[in-house]
Amino acid sequence: MVADFRRRFWIALIITIPILALSPMIQQFLGIREVMQFPGDQFVLFLLSAFLYFWCGKPFLTGIANEIRKRDFGMMTLIAIAISVAFFYSAAVTFGLPGETLYWELATLITIMLLGHWLEMRSVSGASRALESLVKLMPSVAHRVDQSGNMQDVPVAGLSPGETVLVRPGEKIPVDGMVTDGQSSVNEAMITGESLPVNKKKDMEVVGGAVNGEGSLKVKVTKTGKDSYLSQMVKLVEESQQGKSKTQVLANRAAVWLTIVALLGGTVTILIWFFIAGAPFPFAIERTVTVMVIACPHALGLAIPLVIAVSTSLSASKGLLIKKRPAFEQAKKIQAVLFDKTGTLTEGKFGVTDIVSLDKNFDEQKVLLWAASVEEHSEHPIARAIADSVKEKKSVSQFEAISGRGAKGKVEGKQVLVVSPAYVKDAGINYRENPALTKLLESGKTVVFLIIEKNVSGAIALMDIIRPESREAISRLNAMGIKTMMITGDNKRVASWAAQEMGIDEFFAEVLPEQKVEKIKEVQNRGLFTAMVGDGINDAPALATADIGIAIGAGTEVAAETADIILVRNDPRDVVSVLNLSRATYRKMIQNLFWATGYNVFAIPLAAGVLYGWGIILSPAVGAALMSLSTIIVAVNAKYLKVE
């Protein structure tokens with residue numbers, strides 16, 4: 001359609017030049033009437049205008065037929081009526097009816113309308129490119145590897161779950177799957193919005209459409225076709241683009257009324273000028289045509305859908321998927337955001353937060369080193385967290401796990417234990433009192449002791465690691481005047497520490513999953529418009545209860561059924577981006593409604609000729625220019641929508 005309007009515009013522009021040159025009014029204005037006249041010139045003018053009307057104006061004539069058939073009158077009705085009145089009246093004049101032809105107005109009107117439609121469609125097309133780029137991400141061929149290790153290139157559509165494919169360096173990953181062999185960095189920027197490559201190794205998930213880096217990967221197919229993450233994402237974007245917001249419904253209703261006003265205004269204009277004021281019929285017709293062109297609701301009909309298309313595509317490119325358009329529109333009203341703690345504000349895994357030395361011969365780094373050396377041989381999550389915090393470790397012999405209590409082994413010939421406070425208490429081991437240690441034990445964090453040759457040398461505190469992005473997200477939300485809250489099943493001491501670390505206004509501790517709904521309702525009962533942010537699966541009831549449900553999580557788990565908005569990345573800052581985009585989208589909608597309708601307030605009376613006595617009058621061409629200018633402004637304004 002873009003190419004069709006472009007072609008029709010350029011042909012119309014070329015034909016308009018001789019039409020202008022042959023029009024008596026233009027000839028008189030330029031003082032070339034005597035030079036340009038020749039026998040039969042008006043019939044040539046008629047033939048050129050007829051081609052312009054029937055071929056270049058075909059989209060508008062087809063449009064009015066469709067609107068009449070659907071009984072849904074709008075912009076095409078107005079344009080078609082305007083150009084039809086101008087053409088058939090001018091044709092009647094050419095073949096004997098007294099009056100002046102309006103061929104030049106017809107030509108400029110069609111040309112300007114085609115230009116406006118072409119530019120608008122280019123904008124709409126550009127707004128949908130993010131969606132198109134998602135579809136183009138998927139390669140068409142994959143390197144399938146059979147059980148014997150033989151490789152064969154096959155269509156991606158022919159792959160089935162359980163099969164293995166080879167992804168070479170620089171290639172796009174053809175399917176959703178699990179890495180079975182190899183290690184590489186994978187660029188998922190076009191899918192998740194994350195700019196940094198993600199390291200992938202055995203037993204890690206990969207998403208179809210991502211670009212493999214420097215290493216080869218063997219991937220076991222888990223999902224294909226419509227079940228793949230990319231397909232789900234495209235479906236969500238399509239559904240969102242098709243969804244209608246309340247503002248869009250209002251704009252469409254206004255467009256219908258503006259059509260009625262235009263038709264009535266045009267009728268009243270010709271009645272007053274011709275039958276009451278006694279003006280020449282060509283003048284009355286000209287005024288009528290101008291009124292209907294000026295009032296054309298094309299800009300109004302485009303104002304909201306174009307903003308929606310741009311915001312949806314923009315959000316998708318940033319990893320913000322809008323499932324329910326009305327909910328996204330309401331996000332600008334959010335007054336309180338409740339975050340699930342584990343996996344949302346935190347990484348869902350332990351990390352070392354504090355180290356206390358209780359032996360003058362062991363500083364904090366040495367305490368961690370000796371503990372990590374022993375824990376390196378254990379598979380317990382707490383042990384892994386300590387071991388992963390140190391790169392170079394000491395050799396350990398005679399390692400032994402102490403069931404439910406810790407581990408022990410020999411380091412540099414000394415007996416070393418890394419054990420829980422309960423073990424220390426039950427064993428009756430004494431240690432030097434320390435204010436820092438007392439504070440840790442009272443904080444609710446997980447604490448382990450380092451014991452060397454029955455002497456307590458230090459203590460290490462661990463806790464679920466707070467995402468670095470969480471603090472920034474909370475800070476930005478607070479700066480926006482939004483109340484931040486946290487829901488967690490942890491005890492009050494742990495919850496209090498985490499809330500204080502992140503600057504959260506309020507927290508609910510020791511909350512069971514089924515009790516989260518009650519907490520949401522409690523906040524809503526305070527009169528606060530509430531958003532709940534969770535993983536989209538465990539928090540499904542709470543997401544459904546909140547005014548806005550926001551699911552956060554990467555990979556295929558992103559498509560939570562109960563969420564209104566989905567954040568592809570595990571980044572709480574994207575909640576801020578959603579709020580900013582919602583507010584910016586609403587502002588653009590209001591601005592576009594103003595640009596689409598505001599000019600009618602003064603343009604329609606001018607078109608009708610209310611200031612004719614003062615020498616101020618608008619021709620149909622100027623009316624068309626004003627209408628097209630408003631639609632271009634609306635299109636450009638929408639394109640400048642940005643997400644922070």
Side-chain angles (χ1 to χ4, degrees), residues 334-355 382 385 435-447 460-536 538-539 541-543 545-553 567 569-579:
I334 290 175
Q335 298 168 297
V337 178
L338 291 92
F339 289 92
D340 172 59
K341 172 180 168 284
T342 305
T344 302
L345 293 173
T346 66
E347 295 182 4
K349 62 181 181 180
F350 280 101
V352 174
T353 61
D354 304 89
I355 305 170
I382 293 177
L437 178 60
T438 302
K439 184 178 179 181
L440 282 185
L441 293 172
E442 293 176 351
S443 69
K445 296 181 180 182
T446 299
V447 178
I460 300 171
L462 302 95
M463 196 171 186
D464 191 1
I465 302 172
I466 295 174
R467 296 183 187 279
E469 306 87 5
S470 296
R471 293 180 177 87
E472 182 182 347
I474 298 301
S475 174
R476 291 173 64 183
L477 287 171
N478 290 337
M480 295 167 69
I482 295 173
K483 194 173 184 64
T484 54
M485 305 178 185
M486 180 180 71
I487 300 180
T488 178
D490 292 336
N491 62 58
K492 291 184 178 179
R493 289 184 298 177
V494 172
S496 177
W497 176 85
Q500 187 175 0
E501 280 289 305
M502 290 182 280
I504 291 175
D505 297 320
E506 187 177 344
F507 66 87
F508 301 97
E510 301 175 7
V511 179
L512 298 175
E514 60 270 20
Q515 295 174 328
K516 290 183 178 180
V517 170
E518 298 174 12
K519 298 302 179 183
I520 296 290
K521 291 180 178 178
E522 179 183 321
V523 176
Q524 289 174 327
N525 290 336
R526 301 181 197 174
L528 297 174
F529 194 84
T530 308
M532 170 67 191
V533 184
D535 63 13
N538 298 328
D539 300 313
L543 290 170
T545 303
D547 297 302
I548 307 290
I550 302 176
I552 182 171
L567 310 181
R569 302 184 300 176
N570 285 318
D571 191 339
R573 292 176 299 184
D574 286 343
V575 175
V576 181
S577 296
V578 166
L579 297 180

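Values below: all heavy atoms of this structure, side chains included; hydrogens, waters and symmetry mates excluded.
Two residues are said to be in side-chain contact when any heavy atoms from C-beta on lie closer than 4.5 Å; M532 and D340 meet this criterion. Using a 4.5 Å heavy-atom cutoff, the side chains of T484 and N478 are in contact. E522 places a side-chain heavy atom less than 4.5 Å from the side chain of F508. Side-chain contact between M480 and V576 is present, with heavy atoms from C-beta onward closer than 4.5 Å.
Minimum heavy-atom separation, V352 to A385: CG2-O, 4.3 Å. Taking both residues in full, the closest heavy atoms of I460 and L462 are given as O-CD1, 3.9 Å, listed atom of the first, atom of the second, then distance. Smallest separation of non-hydrogen atoms from M486 and A495: CE-O, 3.4 Å. The shortest heavy-atom contact between A531 and I334 is CB-CD1, 3.5 Å. Between G534 and T344, the closest heavy-atom pair is CA-OG1, 3.9 Å.
With respect to K341 and D464, a salt bridge is recorded, a charged nitrogen being found less than 4.0 Å from a carboxylate O. Using a 4.0 Å cut-off between charged nitrogen and carboxylate oxygen, R471 and E501 count as a salt-bridge pair.
Q524 contributes a side-chain N or O that, together with a main-chain N or O of T545, makes up a donor-acceptor pair within less than 3.5 Å. Although no hydrogens or angles enter the test, the distance criterion places a donor-acceptor pair under 3.5 Å between the side chain of R493 and the main chain of E442. Between the side chain of D505 and the main chain of M485, no donor-acceptor pair closer than 3.5 Å is present. Under the 3.5 Å distance criterion, the side-chain polar atoms of D354 are left unmatched by any main-chain donor or acceptor of L440.
With rounding to the nearest 0.5 angstrom, the OG1 atom of T530 is 10.0 Å from the CD1 atom of I548. Taken from CG in L528 to NZ in K483, the straight-line distance is 8.0 Å, to the nearest 0.5 Å. R467 CZ to T346 OG1: the interatomic distance, rounded to the nearest 0.5 Å, is 6.5 Å. Taking CG of L345 as the reference point, atom CD1 of I487 lies at 11.0 Å (rounded to 0.5 Å). Here I520 contributes atom CD1 and N525 contributes atom CG; the two are 11.5 Å apart, rounded to the nearest 0.5 Å. Separation of atoms CG (L579) and CD1 (I482) is listed at 4.5 Å; rounding is to 0.5 Å.
When I504, I550, L477 are each tested for a side chain to side chain contact (heavy atoms under 4.5 Å, CB included) with F339, only one passes: L477.
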